[in-house]
Amino acid sequence: MENCLFCKITKKELPAETIYEDKNILVFKDIHPKAPVHFLVVPKKHIESINYLEPIDKELMGELLLVAKKIAQDKKLKGYKLVINTGREGGQLIDHLHIHLLGGKPIQMP
Ligand code: 5GP
Ligand code: ZN
């Protein structure tokens, strides 16, 4: 998707501090961390938000959660919070589906 920041990052057209990569997923550090650990778990496929998910994306969504779990365990987080903002009122600023992985301190609900 042209002019999508996270598409550009997943295609390496823009830099990011990569934590993990596989065929379908890139995980990188959030540029404005809101916790000691703040990663973004991002599918390489452009999906605008949860509102645009299709049944074909079921397996990919499972992969995103498994990758989030693996990274949290690799980083030995005692606990963590996974957040998917959806729509402007839901706090979504980048219109490419992503999971925030937050940890390294007690994370409150907003
Ligand atoms: P949202 O509000 O859409 O759920 O989250 C977008 C996140 O992307 C924000 O936490 C913001 O700090 C992060 N972000 C915005 N621009 C960039 C960027 O250019 N690079 C990285 N690594 N993170 C970004
Ligand atoms: Zn995109």
Side-chain angles (χ1 to χ4, degrees):
M1 169 68 75
E2 266 178 54
N3 287 327
C4 169
L5 182 68
F6 285 180
C7 280
K8 287 183 179 163
I9 289 177
T10 58
K11 289 182 194 152
K12 314 287 167 60
E13 293 168 11
L14 286 174
E17 277 193 71
T18 300
I19 300 294
Y20 171 92
E21 178 167 19
D22 65 25
K23 187 162 68 77
N24 298 322
I25 296 168
L26 189 73
V27 181
F28 50 91
K29 288 188 182 177
D30 195 292
I31 206 165
H32 298 303
K34 295 171 186 73
V37 171
H38 188 173
F39 301 149
L40 299 169
V41 183
V42 181
K44 292 182 178 177
K45 176 181 176 183
H46 180 87
I47 301 168
E48 208 166 308
S49 77
I50 288 284
N51 281 335
Y52 291 80
L53 278 180
E54 300 283 353
I56 198 174
D57 300 315
K58 264 196 242 180
E59 194 172 331
L60 177 59
M61 289 308 292
E63 286 175 29
L64 290 168
L65 290 175
L66 286 169
V67 163
K69 179 199 81 165
K70 176 186 160 31
I71 290 167
Q73 290 180 342
D74 287 352
K75 299 286 175 192
K76 301 198 170 15
L77 298 180
K78 288 191 220 152
Y80 53 94
K81 196 175 298 295
L82 301 177
V83 174
I84 305 177
N85 296 325
T86 304
R88 292 291 172 269
E89 195 164 322
Q92 183 179 12
L93 295 173
I94 307 285
D95 292 330
H96 180 131
L97 180 68
H98 50 282
I99 303 177
H100 295 259
L101 168 52
L102 297 146
K105 70 168 188 185
I107 309 289
Q108 305 304 320
M109 288 289 274

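For ligands, and for the atoms within them, numbers begin at 1 and follow the listed sequence. Residues: numbered from 1 along the sequence shown.
Scanning all protein heavy atoms for the shortest distance to atom 1 (P) of ligand 1 gives H98 NE2, 3.2 Å. Regarding atom 10 (O) of ligand 1, its nearest protein heavy-atom neighbour is D30 OD2, 2.5 Å. Distance from atom 2 (O) of ligand 1 to its nearest protein heavy atom, with residue and atom name: G91 O, 2.8 Å. Shortest contact from atom 22 (N) of ligand 1 to any protein heavy atom: K29 O, 2.9 Å. At the top of the distance list for atom 14 (N) of ligand 1, counting protein heavy atoms only, stands I31 CG2, 3.8 Å.
Around atom 6 (C) of ligand 1, the closest heavy atom drawn from I9, I94, T86, V42 belongs to I94.
The N, O or S atom of H96 lying closest to the Zn ion (ligand 2) is ND1. Take the N/O/S atoms of H46: the one nearest the Zn ion (ligand 2) is ND1.
When each atom of ligand 1 is checked for a heavy atom of H100 under 4.0 Å away, the hits are 1 (P), 4 (O), 5 (O), 7 (C), 10 (O). For ligand 1, the atoms closer than 4.0 angstrom to any heavy atom of H32 are 12 (O). Heavy-atom contacts of N85 reach the following atoms of ligand 1: 1 (P), 2 (O), 4 (O) (cutoff under 4.0 Å). Within ligand 1, the atoms closer than 4.0 Å to a non-hydrogen atom of K34 are 10 (O), 12 (O), numbered from 1 in the order shown.
Polar contact with ligand 1: absent for L40 (N/O pair, distance under 3.5 Å). In terms of N/O distances under 3.5 Å, ligand 1 is not approached by F28.
A salt bridge links E17 and K29; the closest N-O separation between the charged side-chain nitrogens and carboxylate oxygens is under 4.0 Å. Salt bridge D74/K69: absent, no basic N to carboxylate O contact under 4.0 Å. Between E63 and K58 there is no salt bridge, since none of the side-chain N atoms of the basic residue sits less than 4.0 Å from a carboxylate O of the acidic one.
Heavy-atom minimum distance, L101 versus A68: CD2-O, 3.9 Å. The minimum heavy-atom distance linking P36 with G104 is given by the pair CG-O, 3.6 Å.
The only option from V27, D30, V41, V42 that meets the side-chain contact (heavy atoms from CB on, under 4.5 Å) definition with H98 turns out to be V42.
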Go through it in stages, so that I can follow the logic: the residues are Y80 and F39, the test is ring pair (Phe, Tyr, Trp, His ring centres under 6.0 Å), and I'd like the CA-CA distance, side-chain angles, deciding distance and then a yes or no.
CA-CA 11 Å; Y80 53 94; F39 301 149; over 10 Å; no

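In this structure the side chain of N85 never reaches within 4.5 angstrom of the side chain of L93, judged on heavy atoms.
When the shell of 6.0 Å around CD of E59 is examined, it contains 12 or fewer heavy atoms from other residues, nucleotides or ligands.
For L5, every heavy-atom contact with ligand 1 shorter than 4.0 Å involves the side chain, none the backbone. With a heavy-atom cut-off of 4.0 Å, F6 touches ligand 1 through its side chain alone.
L53 and V67 fall within the same hydrophobic cluster, defined by Ile, Leu, Val, Met, Phe, Trp and Tyr side-chain heavy atoms under 4.5 Å apart, directly or through other members.
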